[in-house]
Amino acid sequence: MKAFVYLGPGQKTLEDRPKPKLGSPTDAVVKILKTTICGTDLHILKGDVPTCAPGRILGHEGVGTVEEAGAAVTSFRAGDHVIVSCISSCGKCDYCRRGMYSHCVNGGWILGNKIDGTQAEYVRVPFADTSLYHVPEGADEEALVMLSDILPTGFECGVLNGKVAPGSTIAIVGAGPIGLAALLTAQFYSPAEIIMIDLDDNRLQLSTRFGATTVINNKDGKAVEKIIRMTSGRGVDTAIEAVGVPASFITCEDIVAPGGIIANIGVHGVKADLHLERLWDRNIAITTRLVDTVTTPMLLKTVQAHKIDPQKLITHRFKLDEILDAYETFGAAPSTNALKVLIES
Ligand SMILES: NC(=O)c1ccc[n+]([C@@H]2O[C@H](COP(=O)([O-])OP(=O)(O)OC[C@H]3O[C@@H](n4cnc5c(N)ncnc54)[C@H](O)[C@@H]3O)[C@@H](O)[C@H]2O)c1
Ligand SMILES: [Zn+2]
Ligand SMILES: [Zn+2]
């Protein structure tokens, strides 16, 4: 089968690999119909993710059909149409029993990281019963690819952790696919103000279309000043960090109102300063989270009911054969205006 393989920092290839086999009775082998590229895959290609060894097939998102299910898999059988979750969960360990699948001691974020992933014709999915979801009849497959990772990530790490509430004022720093997923799902709770901050005018324009009430380009470094002015000196109730660099985390520290929450989503490769000398008396909370994907079934219902339309995040389409071009396009987002690139087998 064809597979996209990470060969070490800055090196990647599309090559032929053997089709995966069941390794345990709880596994399923899934034929991938549609997959996509995540910002985290770019972090891997830069060499930022040491758990991912050279030789690994990347990808942790996708929709497909079950090719073969292990003898112990009870909820899925060959031919079933499924969403592959970016998190594999055994369903049995202490963390899984607490709903913290991201820290499953037997799984967690392993697909396209510690085991071969979905940017291939087939993938082996461990703990299939608790790591796959049925695609409802007639559902839009493209929209559902967004349920593997970005929608639960924006919602769980940003909106739920940030306790977005009716009438609240929120700011989302970073209008990439993850920030936009937080923007779409924050609107379940009717916040009064949603401020999007980025450096890219195209992404900010889209944010306005997707429901932001104010957009700010921080190229001039004046976003903090503008937000403080807009909120009569208070700041925002929820500041969602969706970039993963020190500057964006510090922006969140500078705009959080007394009693507010900073909900970090970004994957950080270097340390960011925590200004306790300014924050110690402000009654704030800071949260961090690796997506658990516990809200996937709920989000699936909202997509089915057209409460949100995540397929509007898809800007480009490629065949698996063209995945190197897909990476080029996705990696050059400021010039290509790419958000999510869809890859079809
Ligand atoms: N916590 C999790 O479980 C989890 C899961 C998936 C992805 N992530 C992480 O979420 C982050 C966002 O992912 P993405 O795919 O949307 O990334 P992305 O790179 O597409 O988007 C980041 C956006 O931030 C903007 N930006 C850069 N510096 C900025 C600054 N100083 N101020 C404001 N905006 C700035 C960029 O212009 C870009 O639009 C990444 O770090 C990714 O690795 C975390
Ligand atoms: Zn991801
Ligand atoms: Zn577990």
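In each ligand, atom 1 is the first atom listed, and ligand 1 is the first ligand listed.
- Inside a sphere of radius 2.8 Å centred on the Zn ion (ligand 3), the protein N/O/S atoms present are C90 SG, C93 SG, C96 SG, C104 SG.
- No more than 12 heavy atoms of other residues, nucleotides or ligands sit less than 6.0 Å from atom CG of D94.
- Few gaps surround NZ on K226; more than 12 heavy atoms of other groups in view lie less than 6.0 Å from it.
- Every residue two or more places apart in sequence or in another chain that forms a side chain to side chain contact (heavy atoms under 4.5 Å, CB included) with E344 is listed here: K34, R317, K319, L342.
- Only protein N, O or S atoms were considered, and those under 2.8 Å from the Zn ion (ligand 2) are C38 SG, H60 NE2, D149 OD2.
- Note that atom 24 (O) of ligand 1 has protein non-hydrogen atoms nearby, at separations under 4.0 angstrom.
- Aromatic rings of F76 and H134 (six-membered ring for Trp) have centroids within the 6.0 Å cut-off, being under it.
- The ring pair (Phe, Tyr, Trp, His ring centres under 6.0 Å) check on H43 picks up nothing, with sequence neighbours excluded.
- Relative ring orientation between H268 and F249 is described as perpendicular, the plane-to-plane angle rising above 60° on a 0-90° scale split at 30° and 60°.
- Residue E137 places its CD atom among 12 or fewer non-hydrogen atoms of other residues, nucleotides or ligands, all under 6.0 Å distant.
- The number of heavy-atom neighbours closer than 6.0 Å to OH of Y95, taken from other residues, nucleotides and ligands shown, is 12 or below.
- Taking a cut-off of under 4.0 Å to the non-hydrogen atoms of R203, the atoms of ligand 1 that pass are 18 (P), 20 (O), 21 (O), 38 (C), 39 (O).
- Nearest-residue assignment for atom 12 (C) of ligand 1 (options G221, G176, G266, A242; heavy-atom criterion): A242.
- Between the choices D292, I265, L313, T40, the shortest heavy-atom distance to atom 44 (C) of ligand 1 belongs to I265.
- Taking a distance limit of 4.0 Å, we find that atom 21 (O) of ligand 1 is approached by some protein heavy atom.
- Against a heavy-atom cut-off of under 4.0 Å, R289 is close to the following atoms of ligand 1: 1 (N), 2 (C), 3 (O).
- Side-chain contact check for H60 and D149: at least one donor-acceptor pair (N or O, by modelled atom type) lies under 3.5 Å.
- Nearest residue to atom 37 (O) of ligand 1 from L199, D198, T153 is D198 (criterion: closest heavy atom).
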